[in-house]
There are 2 protein chains.
Amino acid sequence: MDTPRRQDGRRSALAPEYAAQPDHIAPDSRRRRRESHEAVLRATKDLLGEVGYQRLTFEGIARRAGVSKATIYRWWPNKAALVIEALSGEVPLPPIHETGDLEADLRTAVRLTIELVSAMPTCLILPALLADVIEDPTGTGAFAELIEPRRTSVVKLLERARLEGRLPPDTDTSLMVDVYSGTVVYLAAVNRIPPGEAVVGQLVSLLLHGHLPVPKGPAPAEREESPGA
Amino acid sequence: MDTPRRQDGRRSALAPEYAAQPDHIAPDSRRRRRESHEAVLRATKDLLGEVGYQRLTFEGIARRAGVSKATIYRWWPNKAALVIEALSGEVPLPPIHETGDLEADLRTAVRLTIELVSAMPTCLILPALLADVIEDPTGTGAFAELIEPRRTSVVKLLERARLEGRLPPDTDTSLMVDVYSGTVVYLAAVNRIPPGEAVVGQLVSLLLHGHLPVPKGPAPAEREESPGA
DNA sequence: CATACAGTACGAAACGCACCGTTTCGCCAA
DNA sequence: TTGGCGAAACGGTGCGTTTCGTACTGTATG
């Protein structure tokens, strides 16, 4: 999707790779056609749902949006950037109502991450998108903001709890967020379906008290089968 | 890389997608040329390290291996399968010496997962590989076995601890494995480098006691910066 | 305030190229 | 004789870029 070509390992001596970086000088955004912009994002979202990330194509988007391929290339450096912009408009972002009850707040945070992952076809495209972002780390920030827009606020929330003594003073609050984010993303990808409400309770309980109790209550079989072979 | 074509959402009425599944009838493996087989795996591993997963190509592998493209297509259904086979030979698989000390054993398990993720360029290619496996779930089992070859043995180990009362009776041991696997994979992908030894202790401590103490000791800054924007 | 004039985003179309996945054809070893 | 093999070619898709003429936009001008 992005950057040079050649996969045989022998780099071309005549075409150093920085030649393939068009530097992407931003065009005059005041003159940007609003309709084209929106049509592209629309088409991207639609096609994402229909064919997924991997088979998503600039050519296909251009066809669907009734827009020139060149126009898309003019405004977005690569597929990942386009998809991230298209999805970030689609993402639910309710504010976290801090109740002061650490357990409840944490549960809200985990639930929000799951909702994010569940939004649209995100659950299935996330690894592919992440892979592209890894190749071109330019979009790392945007990606992080997409998948964890509330990250810093959750970290702050936890930090406050830590400073107030509701968490041990040596708690690594940042890693706490990574743990539930990573687990949610991993489970969603491997099981091909985002984790259910039961996992919320289990994760929070784990983060706060250790161990992982099996969910109690009327639906004891909420967790789907594990990724193991 | 795999499966049909078309990215414009309108499925071809004339070419239903199952027509693109060549069913891949296995050739006579007794007649398989050992040298070609090995040359392909060699070339795959080499190119993986040089160009990564996304730019890895059957054509490139064939060139590098001095092998016909048709030969590769004859023996491997898609890129993911080939890569998984190439990597599984490369993966460290020391047996887990069960000490009976739950904390120590768990630490070994986490460390093994990190080693797996660190092996070769795995850390960077994992999301891309996972994305392909999601598209064609045929390889899900092989993938799981690659990334968590010891999964069932770790689960068994934890189950034993649970039955012996060293874990609460309602512990979801399978999710415990998912938590550390997911976190390790996520951290490695987002930070572009596998987590260090400090995270091992933090994860195990979390799984057993809850919370996430900051690593103590001479190197208090082992953890890399977080994925947050 | 209306008008002329740049400047530039735009759609259409084409470029050469890389790979795809498949097929055909001898060759040669089992 | 069988069937895996290398070589080579097939039509097809998508890439990323370029060229062209058109249409609109912001700004200067009468």
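These numbers come from the heavy atoms of this one structure, side chains and all, not from hydrogens, waters or symmetry mates. These figures come from a predicted structure and were not determined experimentally. So that the names make sense, note that chain A is the first sequence line, chain B the second, and so on, each numbered from 1.
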Take the protein atom [atom1] of [X] and the nucleotide atom [atom2] of [N], then report the distance between them rounded to whole Å.
X	N	atom1	atom2	value
N78(B)	dT22(C)	CG	P	11 Å
R74(A)	dT19(D)	CZ	P	14 Å
I72(B)	dG6(D)	CD1	P	9 Å
Y73(A)	dA13(C)	OH	P	18 Å
D28(A)	dA23(D)	CG	P	21 Å
L56(A)	dG14(D)	CG	C1'	12 Å
R63(A)	dC15(D)	CZ	C1'	13 Å
R34(B)	dG4(D)	CZ	P	17 Å

Applying side chain to side chain donor-acceptor pair (under 3.5 Å), can you list everything that pairs with T44(A), at least two apart in sequence or on another chain?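 Testing T44(A) for side chain to side chain donor-acceptor pair (under 3.5 Å), a comparison that skips the adjacent residues, returns none.
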Does a side-chain N or O from W75(A) land closer than 4.0 Å to OP1 or OP2 of dC10(C), or not?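 Answer is yes, contact under 4.0 Å.
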Is there a side-chain polar atom (N or O) of S36(B) under 4.0 Å from OP1 or OP2 of dG6(D)? yes
Per-pair distances, 0.1 Å, donor-acceptor, side chain in residues 33-42 of chain B, under 3.5 Å, sequence neighbours excluded:
unit_1	atom_1	unit_2	atom_2	d
R33(B)	NH2	E35(B)	OE2	2.6
H37(B)	NE2	E85(B)	OE2	2.9
R42(B)	NH2	D46(B)	OD1	3.0

Contacts of R192(A) meeting side-chain contact (heavy atoms from CB on, under 4.5 Å) (sequence neighbours excluded), chain-then-number -> L124(A), I134(B), P137(B)
Under the side-chain contact (heavy atoms from CB on, under 4.5 Å) test, which residues partner T138(A), sequence neighbours left out? D136(A)
Stepwise, does the salt bridge (Lys or Arg N to Asp or Glu O under 4.0 Å) test hold for E50(A) with R55(A)? CA-CA 9 Å; E50(A) 295 173 17; R55(A) 286 200 273 276; over 6 Å; no
Set of salt bridge (charged side-chain N to carboxylate O under 4.0 Å, His left out) partners for R32(B), sequence neighbours left out: none
Among the nucleotides dC5(D), dG11(C), dC20(C), which one has an atom lying closest to any side-chain atom of R32(B)? dC5(D)
With the sugar-phosphate defined as primed atoms, P, OP1 and OP2, and the base as all remaining atoms, what B/S/- string results for nucleotides 23-30 of chain C, 5' to 3', for protein heavy atoms under 4.0 Å? B------B
Determine whether the side chains of T113(A) and R150(A) contain a donor N or O and an acceptor N or O closer than 3.5 Å. no
